[in-house]
Amino acid sequence: MRKNKMKINKNLFSLKNKVILITGAGRGIGQHLAEKIAEQNAIVYAIDKQFTRKTSNNPIKNLFKIKCDITDQDAFKQVCTDIVRKRKRIDVLVNNAGISQANEQPGKTYAKNKWDETVRINLTAHFSCSQEVIQYMKKRKQGSIINITSINAELGFPRNPAYVASKGGLKMLGKALAKDWGKYGIRVNNLGPGYIRTEMTKSSYSNKKLRKERAKHTMLGRWGEKDDLVGPCIFLASDASKYITGQDVYVDGGWISNSIITE
């Protein structure tokens, strides 16, 4: 008997010609994702208030940098208007922009201005950005929004209540938007990094004791690299995840699932 072979779409993970917006792409994880995703033949708009001088050695022709403060709702609206006027659509939004302002010393009351600024950038701005792109995605009855959350969305970390609360809020915002807009073919998922080597974690990584301690929290026994986030982001942006929405994907080396018991 002849066996029926299931055909696999060779372009399942293709991002070719998809119009992708990435916020907070001036440095760190956002910059890395913008460059690597653009190399997949996507049309990528890297959005940030400012960009570091450090860029890829080989300029990518389909990577465009736009200076914009995403907390300025009107400014981001104009960015989207300009992109849609030129490209006719927005396929993917990656809500990546974020700040972390931890208290350096334990036992110190957390400053209200730090709380306000962190929540405004890490949560409120992403709500506004999502609201803006959804109107374009709704017309085409398709789109993917990817929120870059954190293991802090699940676990209480010390001396940084605003970051923990904002990432937890972003996680639940993703689920709420997935619920509201799924009927229009819009998918919303959360991608949560663990400890990744970036400028934001430079001080922790430079401290040998902290570096070793945090590596031990993972099942894989190491810190994450920015490259570790590229594949999962491509997956959530592509048609490979077309039946996935409202989900949390943690790229943390097993940190969240790890027990405190060692062999």
Side-chain angles (χ1 to χ4, degrees), residues 15 18 20-38 40 42 44-49 51 68 70-71 76 90-101 118-134 143-155 157 160 162-178 186-201 223-238 241 244-253 255-256:
L15 298 181
K18 282 187 180 288
I20 301 176
L21 279 60
I22 303 177
T23 67
R27 65 189 182 103
I29 288 172
Q31 181 187 51
H32 192 74
L33 287 177
E35 292 180 358
K36 294 302 180 181
I37 288 175
Q40 300 297 312
V44 177
Y45 287 90
I47 301 170
D48 211 325
K49 283 172 45 175
F51 292 84
C68 174
I70 64 166
T71 64
F76 184 78
I90 295 173
D91 296 303
V92 180
L93 169 67
V94 181
N95 285 319
N96 169 75
I99 62 171
S100 175
Q101 302 185 91
T118 301
V119 172
R120 180 168 57 89
I121 294 171
N122 292 10
L123 180 57
T124 305
H126 293 318
F127 166 74
S128 298
C129 290
S130 298
Q131 292 284 90
E132 190 60 38
V133 301
I134 280 171
S144 174
I145 296 175
I146 303 167
N147 295 321
I148 304 299
T149 57
S150 169
I151 55 174
N152 292 83
E154 298 288 344
L155 304 170
F157 278 64
N160 206 344
Y163 188 79
V164 174
S166 63
K167 289 299 184 178
L170 184 59
K171 166 193 167 181
M172 294 311 298
L173 172 64
K175 296 180 186 301
L177 294 179
I186 299 170
R187 301 182 297 106
V188 188
N189 292 289
N190 302 317
L191 184 60
Y195 270 87
I196 308 292
R197 283 188 65 186
T198 64
E199 286 297 314
M200 187 180 285
T201 59
W223 280 54
E225 300 291 341
K226 287 178 285 188
D227 267 345
D228 293 321
L229 292 165
V230 176
C233 194
I234 290 173
F235 170 66
L236 292 175
S238 72
S241 59
I244 296 176
T245 193
Q247 301 302 310
D248 303 297
V249 178
Y250 287 103
V251 185
D252 64 352
W255 181 303
I256 289 175

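- Listed for the K171 side chain is no donor-acceptor partner under 3.5 Å among the backbone atoms of S150.
- D248 places no side-chain N or O within donor-acceptor distance of the main-chain N or O of N190, the cut-off being under 3.5 Å.
- Of the inter-residue distances, the one linking S144 atom OG with I244 atom CD1 reads 10.0 Å to the nearest 0.5 angstrom.
- The minimum heavy-atom distance between P232 and V251, with the atom names listed, is CG-CG2, 3.8 Å.
- With values rounded to the nearest 0.5 angstrom, I22 atom CD1 is found 4.5 Å from I37 atom CD1.
- In this structure a side-chain-to-backbone donor-acceptor pair under 3.5 Å is missing from T198 to I29.
- T124 is listed as a side-chain neighbour of V119, based on a closest heavy-atom distance under 4.5 Å.
- Judged by distance alone, the side chain of N189 and the main-chain N or O of G246 form a donor-acceptor pair under 3.5 Å.
- Checked against side-chain hydrogen bond (donor to acceptor under 3.5 Å, both in side chains), S130 has the following partners two or more places apart in sequence or in another chain: N95.
- Considering every non-hydrogen atom in both T71 and A125, the closest pair reads CG2-CB, 4.1 Å.
- The side-chain hydrogen bond (donor to acceptor under 3.5 Å, both in side chains) test applied to Q101 returns E117, T118, not counting sequence neighbours.
- For the atom pair T245 OG1 and K175 NZ, the distance stands at 9.5 Å (nearest 0.5 Å).
- In this structure, I151 and F157 approach most closely via the heavy-atom pair CD1-CZ, 3.7 Å.
- Residues A237 and S241 approach most closely at N-OG, 4.4 Å, considering heavy atoms.
- Taking all atoms of both residues into account, the shortest heavy-atom contact from A97 to I70 is CB-CD1, 3.6 Å.
- For F235, the CZ atom counts as densely surrounded, since its 6.0 Å shell holds more than 12 non-hydrogen atoms of other residues, nucleotides or ligands.
- F51 approaches A46 most closely through the heavy-atom pair CZ-O, 3.4 Å.
- With a 4.5 Å cut-off on side-chain heavy atoms, T23 and H126 count as touching.
- For W255 and Y250, the distance between ring centers is not under 6.0 angstrom.
- Y45 has its side chain out of reach of I90: every pair of non-hydrogen atoms, C-beta onward, lies at least 4.5 Å apart.
- Put simply, CG on D228 and CZ on R197 are 11.5 Å apart, with the number rounded to the nearest 0.5 Å.
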(message) Between E132 and L93, is the side chain to side chain contact (heavy atoms under 4.5 Å, CB included) condition met? List the steps.
(response) CA-CA 10 Å; E132 190 60 38; L93 169 67; over 6 Å; no
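- Side-chain contact check for K36 versus D227: some heavy-atom pair is nearer than 4.5 Å.
- Remark: the backbone N or O of I99 is paired with a side-chain donor or acceptor of N122 at under 3.5 angstrom.
- In this structure, CD1 on I145 lies 6.0 Å from CG on L177, to the nearest 0.5 angstrom.
- Distance CG/L15 to CD1/I20: 5.0 Å, rounded to 0.5 Å.
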